[in-house]
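Here's the structure we're looking at; comments come further down.
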Amino acid sequence: MAAPAQAGDLNLKLVDTAGRPVGDAVVTVRPAGGIPPGPIRFSWPTTMVQQNIAFAPHVLVVPVGTTVRFPNKDKVRHHVYSFSKPAKFEIKLFGQDETRSYTFTSTGAVALGCNIHDQMSGFIKVVDTPFAIKSDAAGTARLVGMATGTAQVTIWHPLLKAKDNEIVVNIPIPGSGAASKTVPLTLRSGR
């Protein structure tokens, strides 16, 4: 009989260079023991709503292969598009209380816009690990139940000053308790 693998947790605090919390940063982890087999599911909805001439949420994390719904709750029509490498698509004009969808088959960051409303922008981060979370408004991100050892932690944010808007840090995950780390992020202006 094999001994059960030890599992540990990770608590991150993401801040900008002035020490202010950074929300909407996507944290993905590749534990030392690898990614467990099986389908990836998250507890949040896989929906990107158009409401008040904006995408909500502004950043959405979904597993690769997910079909994302795009309901229009505005009184105006929208034309959702992306020119991003992981998903180039257009969802042509659709009106209030109509919903369209798109299936994301490649990992990466997908920037969204609306051909009708230039001020609308949103992001979908498509991931291939169950260990993924978006930081909250306080800049905190917590992931639980990872194999112990040194984990590769990737942090992505749409304004992060780095190649592909992401950085990678290695963080040891302990066998008991949690690894806690504050990570400073250098953001482009526009925050």
Side-chain angles (χ1 to χ4, degrees), residues 4-36 38 40-49 54-64 66 68 84-87 104 106-112 121-191:
Q6 286 193 328
D9 301 339
L10 175 63
N11 295 319
L12 292 180
K13 174 77 172 174
L14 306 176
V15 297
D16 65 12
T17 53
R20 295 177 299 222
V22 175
D24 279 346
V26 177
V27 175
T28 56
V29 179
R30 295 204 167 281
I35 303 298
I40 299 170
R41 291 188 180 87
F42 296 126
S43 60
W44 51 86
T46 55
T47 302
M48 180 69 84
V49 178
F55 289 105
H58 181 64
V59 174
L60 177 66
V61 183
V62 300
V64 67
T66 296
V68 174
S84 301
K85 187 176 180 181
F104 292 86
S106 297
T107 59
V110 178
L112 302 173
S121 71
F123 300 90
I124 296 177
K125 184 73 162 120
V126 185
V127 301
D128 60 358
T129 173
F131 303 111
I133 193 84
K134 183 174 69 169
S135 61
D136 62 19
T140 58
R142 177 174 167 77
L143 291 161
V144 299
M146 291 168 287
T148 60
T150 300
Q152 182 183 38
V153 179
T154 303
I155 301 166
W156 175 92
H157 188 276
L159 297 177
L160 188 59
K161 266 191 181 177
K163 184 181 186 304
D164 298 325
N165 298 342
E166 65 185 24
I167 61 169
V168 177
V169 292
N170 292 319
I171 300 175
I173 305 298
S176 62
S180 295
K181 185 169 181 72
T182 297
V183 180
L185 303 175
T186 302
L187 303 180
R188 291 187 295 280
S189 61
R191 180 159 190 225

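Computed from a predicted model, the values in this text were never measured in an experiment.
Summarising the geometry of S189 relative to L159, their closest heavy-atom pair is O-CD2, 4.4 Å, with the distance given to 0.1 Å. Closest non-hydrogen pair, P57 versus K134, comes out as CB-NZ, 3.7 Å. Closest approach of T150 to A32, counting heavy atoms only: O-CB, 3.4 Å. Closest approach of V110 to A87, counting heavy atoms only: CG2-CB, 4.0 Å.
Put simply, CG on L10 and CG on L143 are 6.0 Å apart, with the number rounded to the nearest 0.5 Å. Distance check, rounded to the nearest 0.5 Å: CG of L14 to OG1 of T182 gives 8.5 Å.
Counting heavy atoms from C-beta on, the side chains of S135 and H157 never come closer than 4.5 Å. Side-chain contact between V153 and V27 is present, with at least one heavy-atom pair separated by less than 4.5 Å. No side-chain heavy atom of P86 sits under 4.5 Å from any side-chain heavy atom of V126. Inter-residue side-chain proximity for P184 and T17 is flagged as unmet; no heavy-atom pair is nearer than 4.5 Å. Here the side chains of R142 and D9 are in contact, with some heavy-atom distance below 4.5 Å.
When each of T47, L112, T66, V68 is checked for a side chain to side chain contact (heavy atoms under 4.5 Å, CB included) with L60, only V68 meets the rule. Of the candidates V61, I124, V62, V62 is the only one forming a side chain to side chain contact (heavy atoms under 4.5 Å, CB included) with T46.
Partners of S84 under the side-chain hydrogen bond (donor to acceptor under 3.5 Å, both in side chains) rule, at least two apart in sequence or in another chain, are S82. Shown here are the side-chain hydrogen bond (donor to acceptor under 3.5 Å, both in side chains) partners of R30, two or more places apart in sequence or in another chain: D128. With sequence neighbours left out, the side-chain hydrogen bond (donor to acceptor under 3.5 Å, both in side chains) criterion links T140 to D136. Legend: residues meeting ring pair (Phe, Tyr, Trp, His ring centres under 6.0 Å) with F55, ordered by chain and number and at least two apart, are absent.
Identified under the ring pair (Phe, Tyr, Trp, His ring centres under 6.0 Å) test for residues 121-143, with sequence neighbours left out: H58-F123, F123-W156.
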Only pairs under 3.5 Å count here: list side-chain donor-acceptor contacts from residues 162-174, not counting sequence neighbours, and write none if there are none.
from: N165; atom 1: OD1; to: R188; atom 2: NH1; distance (Å): 3.3
from: N165; atom 1: OD1; to: R188; atom 2: NH2; distance (Å): 3.4
from: N165; atom 1: ND2; to: P158; atom 2: O; distance (Å): 3.3

Between F104 and V127, does a side chain to side chain contact (heavy atoms under 4.5 Å, CB included) hold up when you go through it step by step? CA-CA 10 Å; F104 292 86; V127 301; over 6 Å; no
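A donor-acceptor pair is defined here as one N or O able to donate and one able to accept, closer than 3.5 Å; such a pair exists between the side chain of K13 and the backbone of A138.
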